[in-house]
Colleague: 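One structure, as structure tokens, below. Some questions next.
Hydrogens, waters and symmetry mates are skipped; everything else that's a heavy atom, side chains included, is used. This chain uses plain numbering: 1 for the first residue, then up along the sequence. What you see is a predicted model, and the numbers here were worked out from it, not measured in a lab.
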Amino acid sequence: MNLLIVTACPNGQVTSVLCSRLLQAAAERLGWQTRVEVHDARAIGAPLSEADIAAADLVLVVKTGELALGRFVGKPLLQATPAEALADPQRFLREAPERARPYAEDAAAPSGRKRLVAVTACPTGVAHTFMAAEALQQAATRMGIELQVETRGSVGARNLLDDAAIAAADAVLLATDIEVDTSRFAGKKVYRCGTGVALKQPQQTLERALSEARALGEATPAEDKAVASSGEKTGPYKHLLTGVSYMLPMVVAGGLLIALSFIFGIEAFKEEGTLAAALMKIGGDSAFQLMVPLLAGYIAYSIADRPGLAPGMIGGLLASSLGAGFIGGIIAGFLAGYSAKAIAHWVRLPASVEALKPILIIPLVASLFTGLVMIYLVGSPVAGMLAGLTSFLDGMGSTNAILLGVLLGGMMCVDLGGPINKAAYAFSVGLLASSSYAPMAATMAAGMVPPIGMAIATVLARRKFAQSERQAGKAAGVLGLCFISEGAIPFAAKDPLRVIPASIAGGALTGALSMYFGCKLMAPHGGLFVLLIPNAINHALLYLLAIVAGSLVTGLLYALIKQPEAQPLAVGAQ
């Protein structure tokens with residue numbers, strides 16, 4: 001048998017490569033000859049030649065989303081999803097010749113097929129963004145829906161939707177936890193939900209997008225409540241998450257630069273003209289100084305669009321200079337955003353000067369209002385409160401430290417990247433600007449526990465897990481080491497009543513131990529790889545002990561209470 005294998009998973013390059021390698025190995029065990037073509041997000045692969053296609057006896061296409069297949073017209077071809085192909089690769093190959101049919105291009109695109117375009121975006125842009133996109137694409141393939149997904153992650157927008165795709169779509173799905181630009185969807189029907197809902201219920205989400213989408217700006221209050229109940233983050237919380245998402249890269253860059261300066265010694269930066277001093281100036285004096293203005297500016301941007309950006313950043317800078325820190329920045333962002341929105345809505349000007357409102361009137365009045373309120377009403381009280389909080393954190397006894405660690409650690413494991421997790425993370429990140437590093441250490445350590453714990457459980461209770469779950473456990477372990485709590489979501493979505501309590505128990509223990517040991521972390525992300533930077537964290541061995549202890553508790557507990565699988569679980573099953 002001369003077999004061609006084509007894999008294409010635009011938002012999951014690892015899945016594409018994994019499918020190709022496993023299928024190729026299974027085919028070789030059957031004695032088949034193979035040629036492989038792997039596509040990534042930029043359609044880079046090893047293109048099959050015309051000679052390869054002409055000589056092929058069978059073509060296997062494993063994909064999510066759309067892929068042009070016109071070159072295979074007339075060849076026996078079988079299309080499948082990664083979940084189907086990876087469940088049992090050898091069995092899948094043995095059945096493929098009987099299931100394959102000569103490919104006809106017209107038959108592949110029947111008239112009346114529903115078309116959707118989607119955008120996914122989460123506050124950190126690391127895991128939920130891409131996992132939700134992958135889940136939606138796999139569900140769309142099963143349902144026979146044409147779907148193109150644009151991801152807006154930490155690396156920027158990927159798989160950008162073009163005007164033609166938007167125009168041809170029956171509806172637009174916005175699976176976002178932060179505000180995204182919707183101006184290009186004017187005139188289209190739009191359905192909104194959160195990334196968590198899209199990840200856990202992709203088929204139902206696509207069905208609702210087709211049946212419940214409404215034109216932009218036409219939703220009634222009752223429909224707004226329905227949208228909120230469907231999982232979309234709305235109101236002040238969504239605005240806060242938008243600000244945090246834009247602030248995070250600045251905090252990560254600044255924190256890592258500060259950590260790098262400590263390579264030369266904890267106080268080496270005090271010596272002028274040295275590299276350590278330069279690194280501290282870039283990270284601490286520049287990046288961290290911009291943290292609060294960015295937070296405030298993009299909270300206001302989320303509320304009032306571009307007119308809110310300038311007054312928000314001005315208010316945030318005032319919060320920093322007044323000593324009000326990240327709490328003052330949050331207040332400044334909401335003041336600037338809602339004042340700019342109110343001016344845009346209520347101030348009526350003659351048509352001849354209406355164009356001046358967004359570039360002159362709104363920035364001027366909103367900045368003046370925000371600045372005066374921050375200086376005369378908000379700055380001093382919030383600065384005093386933040387100073388008190390910082391003093392309490394720095395001087396708290398072991399009992400209070402342990403309790404705070406339990407709280408932060410448990411919150412990080414409740415919803416695995418959801419609102420409670422993000423609230424704990426945002427609180428700890430905000431304290432970095434006040435030189436309070438212990439909560440950040442507890443938060444990151446606890447966030448690594450759930451996926452590492454699931455990896456441990458799949459090893460300790462191997463027979464209780466299907467083959468696909470054991471493979472997912474390996475991936476979860478790697479994600480956990482990188483501080484991506486979402487690696488445990490496949491397990492939590494399938495067995496929440498056991499996975500979540502086990503995760504909370506381990507996370508709370510890790511958070512408590514981290515605080516008890518007095519661990520302090522200078523960088524807000526990076527997982528265990530931050531330990532490669534000397535002095536990025538103090539008490540490194542004790543910090544590792546805290547992570548190992550919590551992960552073992554989660555792994556052992558879940559291994560004990562896990563119910564054995566009655567039948568193999570397909571990869572990616574919801």
Colleague: Verify, without hydrogens or angle tests, whether S503 (side chain) and V499 (backbone) share a donor-acceptor contact under 3.5 angstrom.
Modeller: yes
Colleague: For residues Q90 and R29, is any side-chain donor paired with an opposing acceptor at under 3.5 Å?
Modeller: yes
Colleague: How long is the gap from CG on L513 to OH on Y543, to the nearest 0.5 Å?
Modeller: 12.0 Å
Colleague: On a heavy-atom basis, which atom in I452 and which in I547 lie closest, and how many Å separate them?
Modeller: CD1-CG2, 4.4 Å
Colleague: Determine the minimum heavy-atom distance between M412 and A424, stating which atoms define it.
Modeller: SD-CB, 4.0 Å
Colleague: S211 side chain to E207 main-chain N or O, any donor-acceptor pair under 3.5 Å?
Modeller: yes
Colleague: Indicate whether any N or O donor in one side chain lies under 3.5 Å from an N or O acceptor in the other, for R498 and Y558.
Modeller: no
Colleague: So which heavy atom on L557 is nearest to which on A505, and how close?
Modeller: CD2-CB, 4.2 Å
Colleague: When you measure from the side chain of R192 to the backbone N and O of A175, does any donor-acceptor pair fall under 3.5 Å?
Modeller: no
Colleague: Just one of L3, V36, T7 clears the side chain to side chain contact (heavy atoms under 4.5 Å, CB included) bar with L60, so which one?
Modeller: L3
Colleague: Counting only N and O atoms by type, is there a donor-acceptor contact under 3.5 Å from the side chain of R470 to the main-chain atoms of F465?
Modeller: yes
Colleague: For Y516, does the OH atom sit with more than 12 other heavy atoms under 6.0 Å from it, leaving out its own atoms?
Modeller: no
Colleague: Tell me the closest heavy-atom pair linking G506 and T554, and the distance in Å.
Modeller: CA-OG1, 3.2 Å
Colleague: Would you confirm whether S514, through its side chain, and G511, through its main-chain N or O, come within 3.5 Å as a donor-acceptor pair?
Modeller: no
Colleague: Do E150 side-chain atoms and L161 backbone N/O form a donor-acceptor pair below 3.5 Å?
Modeller: yes
Colleague: Check whether T510 reaches the backbone of G507 with its side chain - one donor and one acceptor, N or O, closer than 3.5 Å.
Modeller: no
Colleague: Just by modelled atom types, is the T151 backbone N or O under 3.5 Å from a matching donor or acceptor in the T129 side chain?
Modeller: no
Colleague: Are any side-chain N or O atoms of K114 and backbone N or O atoms of L210, one a donor and one an acceptor, separated by less than 3.5 Å?
Modeller: no
Colleague: Drop me the distance from Y437's OH to I537's CD1, to the nearest 0.5 angstrom.
Modeller: 13.0 Å
Colleague: Take the angle between the ring planes of F483 and Y425 and call it parallel below 30°, perpendicular above 60°, tilted in between.
Modeller: tilted
Colleague: Taking E469 for the side chain and A466 for the main chain, is one N or O donor matched with an acceptor at less than 3.5 Å?
Modeller: yes
